[in-house]
There are 2 protein chains.
Amino acid sequence: MDPDGTLAFASHDHAACRDGAMAHAEAVAEAKGLRLTPVRRRALEILLESHQALGAYDVLDRLAEEGFGRQPPVAYRALEFLVEHGFAHRIRRLNAFAACMHPGEAHVPVFLICSACNGLAEAPGAAVATALRQSAGPLGFRVERMSIEAVGLCPACQEGDE
Amino acid sequence: MDPDGTLAFASHDHAACRDGAMAHAEAVAEAKGLRLTPVRRRALEILLESHQALGAYDVLDRLAEEGFGRQPPVAYRALEFLVEHGFAHRIRRLNAFAACMHPGEAHVPVFLICSACNGLAEAPGAAVATALRQSAGPLGFRVERMSIEAVGLCPACQEGDE
DNA sequence: CTTGACTAGTTATCTTATAACATATTCCTT
DNA sequence: AAGGAATATGTTATAAGATAACTAGTCAAG
Ligand SMILES: [Zn+2]
Ligand SMILES: [Zn+2]
Ligand SMILES: [Zn+2]
Ligand SMILES: [Zn+2]
């Protein structure tokens, strides 16, 4: 769909991008026997509206507007489900969540966060993960999960900023 | 002092470890003309008491007990100073702070967080940083800051857990 | 139909972080 | 040494993020 993460920062047909991701997520849920209920599905659609991360309360506001519950656990639970099953990621640096661009595929995401436009891309992280494990190995540490996030400027926001 | 991060997870003379780090930090502050005031110095000492990350409110409690202000900004400001000048790091995954083991040296820290004992080590991150930049390059993204954190099990906590 | 697993909603509370303002200290300039 | 700018410390109040604990609806298996 977007194996090398180039989409987020390039102009593209986002309606197709979003629909593709949604269809893909649905197929994965179906295959795994997961219940992509209305709130969960809507939460994912909301995340998929842009290549940016959204706070839980942003998602909550949107859900509430549309007739779902207005209390924090409504959003947190939907987001937790999405993250747990790989439909979304949590971006710790931003206290926020973003739709996963590769649902169903095992991958270590590397997040690239543009500090100017808040754009978010998911770069391939296999090499970074390997380097990290090699760095942890000599200490005898067994890595189970990792979060790798970079803040900087996306191509568009570098213009006139050199 | 601890170039390869092996200290945190190995038994060692921590009093010497702490004093060395403190002395080093003082020398750096002196050299840079930074004011390591009583709150700031005490906050750093508190962080240096263990190889674990502490929440801002934990640090605040300790400071308050010792006669400093009892309001959040007291701790947040001291910690902000320490982070800004490289005496401490912020661990996003934990919403917490830890003393830097290499103050004064330019480095990209890789944090290894033990989920069993809360131990925290700072592994060398040069290779990881390089891999990350190489991953971001093809997207035209200019990396400015990065946070690289891994959760897993330290050597001691792997015993009897295989 | 009833039971048990799961989902979604609520209220209440906790934790983490910052804004805005008042006071005190430091340090440079004269 | 005195004045004044910049820095540092303290306060109150509030914003922002997250979870605990409980209630009630859904739905399929038995
Ligand atoms: Zn898109
Ligand atoms: Zn941008
Ligand atoms: Zn030590
Ligand atoms: Zn451990």
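Throughout, protein chains are lettered first and strands after them, A, B, ... in sequence-line order, and every chain is numbered starting at 1.
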Participant: Determine whether the aromatic ring centres of His14(A) and His51(A) lie less than 6.0 Å apart.
Facilitator: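 Distance test on ring centres: under 6.0 Å, yes.
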Participant: Is the positively charged end of Arg40(B) above the ring of Phe81(B), judged by distance under 6.0 angstrom from the centroid and angle within 45° of the axis?
Facilitator: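 Checked: cation-pi criterion met.
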Participant: Measure from CZ on Arg42(B) to C1' on dT9(D) and round the result to the nearest Å.
Facilitator: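 So the CZ-C1' distance, Arg42(B) to dT9(D), works out to 18 Å.
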Participant: With a 4.0 Å limit, can you tell me whether Tyr76(A) has a side-chain N or O closer than that to the phosphate oxygens OP1/OP2 of dT19(D)?
Facilitator: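 For Tyr76(A), the contact criterion (side-chain N or O under 4.0 Å from OP1 or OP2 of dT19(D)) is not met.
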Participant: Flag the pair His89(A) / Phe111(A) as yes when their ring centroid distance falls below 6.0 Å, and as no otherwise.
Facilitator: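 Aromatic pair counts; centres sit under 6.0 Å.
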Participant: Show each protein N/O and nucleotides 20-29 of chain D N/O combination with a separation under 3.5 Å, one pair to a line.
Facilitator:
none

Participant: Between Arg70(B) (CZ) and dA13(D) (C1'), how many Å, whole number?
Facilitator: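 Rounded to whole Å, this separation is 18 Å.
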Participant: Rounded to the nearest angstrom, tell me the gap between atom CD in Gln71(A) and atom C1' in dA8(C).
Facilitator: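 Computing the Gln71(A):CD to dA8(C):C1' distance gives 12 Å.
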Participant: Can Glu49(B) and Arg18(B) be counted as an ion pair, charged N to O under 4.0 angstrom?
Facilitator: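 So Glu49(B) does not pair with Arg18(B) through a salt bridge.
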Participant: Does the side chain of Leu47(A) reach to within under 4.5 Å of the side chain of Phe87(A), using non-hydrogen atoms?
Facilitator: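 Side chain of Leu47(A) against side chain of Phe87(A), heavy atoms only: no contact under 4.5 Å found.
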Participant: Figure out the CG/C1' separation between Leu36(A) and dT7(C), and round it to whole Å.
Facilitator: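 So the two atoms are 13 Å apart, to the nearest Å.
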Participant: Is the phosphate of dA17(C), meaning OP1 or OP2, less than 4.0 Å from a side-chain N or O of Asn95(B)?
Facilitator: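 Yes.
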Participant: When you match Gly67(A) and Ala56(B) each to their closest nucleotide on DNA chain C, which lands nearer the 5' end?
Facilitator: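 The 5'-side residue here is Gly67(A).
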Participant: Measuring from the side chain of Thr37(B) (C-beta onward, heavy atoms only), which nucleotide among dT9(D), dT10(C), dA18(D) has the closest atom?
Facilitator: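 Selected nucleotide: dT9(D).
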Participant: Whole angstrom is fine here: how far is it from CG in Leu60(A) over to P in dT10(C)?
Facilitator: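 Taking CG of Leu60(A) and P of dT10(C), I get 9 Å after rounding.
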Participant: Between atom CZ in Arg93(A) and atom P in dA17(C), what is the gap in whole Å?
Facilitator: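 Atom CZ in Arg93(A) sits about 13 Å away from atom P in dA17(C).
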Participant: Any N or O donor-acceptor pair linking the side chain of Tyr57(A) to the base of dA15(D) at under 3.5 Å?
Facilitator: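 Flag unset: no donor-acceptor pair detected.
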Participant: Check the distance between dT7(C)'s C1' and Leu34(A)'s CG and give it to me in whole angstrom.
Facilitator: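 To the nearest whole Å, that distance equals 14 Å.
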Participant: Kindly say if Arg40(A) contacts the phosphate of dC6(C), meaning a side-chain N or O under 4.0 Å from OP1 or OP2.
Facilitator: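 No.
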Participant: Just the rounded figure in Å: distance from P of dT19(D) to CD of Glu80(A).
Facilitator: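 Answer to the nearest Å: 8 Å.
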Participant: As a quick check of understanding, evaluate salt bridge (charged side-chain N to carboxylate O under 4.0 Å, His left out) for Glu45(B) and Arg42(B), giving each step before the final call.
Facilitator: CA-CA 5 Å; Glu45(B) 286 170 356; Arg42(B) 195 70 196 98; 2.6 Å; yes
Participant: State, to 0.1 Å, how close Gly55(A) and Ala96(A) come at their nearest heavy-atom pair, and which atoms those are.
Facilitator: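 Gly55(A) and Ala96(A) have their closest heavy atoms at N-CB, 4.0 Å.
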Participant: Have a look at Arg92(A) and say if it touches a base, only the backbone sugar-phosphate, or nothing, with a 4.0 Å heavy-atom cut-off.
Facilitator: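 Arg92(A): no heavy atom of the nucleic acid under 4.0 Å.
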Participant: By nearest heavy atom, map Leu94(A) and Gly69(B) onto DNA chain D; which one lands nearer the 5' end?
Facilitator: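 Nearest-nucleotide comparison on DNA chain D picks Gly69(B).
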